[in-house]
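All remarks here apply to the structure that follows.
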Amino acid sequence: MAIIVNLDVMMAKRKMSLNELAAKVDLTLANLSVLKNNHAKAVRFSTLEAICKALDCQPGDILEYMPGEEPGE
């Protein structure tokens with residue numbers, strides 16, 4: 001997959017922990033961790049909206065398209 005999730009970068013910029021973000025967006029820590037570690041196959045728009053609201057950012061700040069890139073390469 002060529003979509004890279006930069007959630008950890010935005011969390012660091014906002015000085016927010018995974019636990020704090022999980023509570024704000026009402027997601028389990030495990031599900032948020034899957035997204036943060038580029039293991040998610042999909043993300044709901046409602047989840048993306050909640051994350052953007054909690055981190056005060058745009059979807060493009062979290063998701064990045066990298067042609068030919070695979071997570072972990």
Identify all side-chain donor-acceptor contacts of residues 59-68 below 3.5 Å with residues at least two apart in sequence or on another chain.
from: Asp61; atom 1: OD2; to: Gln58; atom 2: N; distance (Å): 2.9
from: Glu64; atom 1: OE1; to: Asn6; atom 2: ND2; distance (Å): 2.8

Before you tell me yes or no, could you show the steps for Arg44 and Glu49 under side chain to side chain contact (heavy atoms under 4.5 Å, CB included), namely the whole-Å CA-CA distance, both residues' side-chain angles and the distance that decides it to 0.1 Å?
CA-CA 9 Å; Arg44 292 179 185 206; Glu49 179 182 3; over 6 Å; no
For side chain to side chain contact (heavy atoms under 4.5 Å, CB included), just list the numbers for Leu7 and Leu55, CA-CA rounded to whole Å, side-chain angles, deciding distance to a tenth of an Å, and then say yes or no.
CA-CA 9 Å; Leu7 186 57; Leu55 293 174; 3.7 Å; yes
Run the numbers on Met10 and Met16 for side chain to side chain contact (heavy atoms under 4.5 Å, CB included), then give the verdict.
CA-CA 9 Å; Met10 285 308 300; Met16 189 176 297; over 6 Å; no
Steps toward side chain to side chain contact (heavy atoms under 4.5 Å, CB included) verdict (Cys57, Arg14)
CA-CA 10 Å; Cys57 66; Arg14 302 297 189 254; 4.1 Å; yes
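When all heavy atoms are compared, the tightest approach of Ile3 to Asn38 is O-OD1, 4.0 Å. Between Ala54 and Val25, the shortest heavy-atom contact is CB-CG1, 4.0 Å.
Taking NZ from Lys53 and CG from Leu48, the interatomic distance works out to 14.0 Å, rounded to the nearest 0.5 Å. A distance of 8.0 Å separates CG in Leu27 from CG in Leu21, rounded to the nearest 0.5 Å. Summarising the geometry, atom CG belonging to Leu35 is positioned 9.5 Å from atom CG belonging to Leu18; distances are rounded to the nearest 0.5 Å.
Contacts of Glu20 classified as side-chain hydrogen bond (donor to acceptor under 3.5 Å, both in side chains), with partners at least two apart in sequence or in another chain: none. Among residues two or more places apart in sequence or in another chain, the side-chain hydrogen bond (donor to acceptor under 3.5 Å, both in side chains) test is passed with Thr28 by Asn31.
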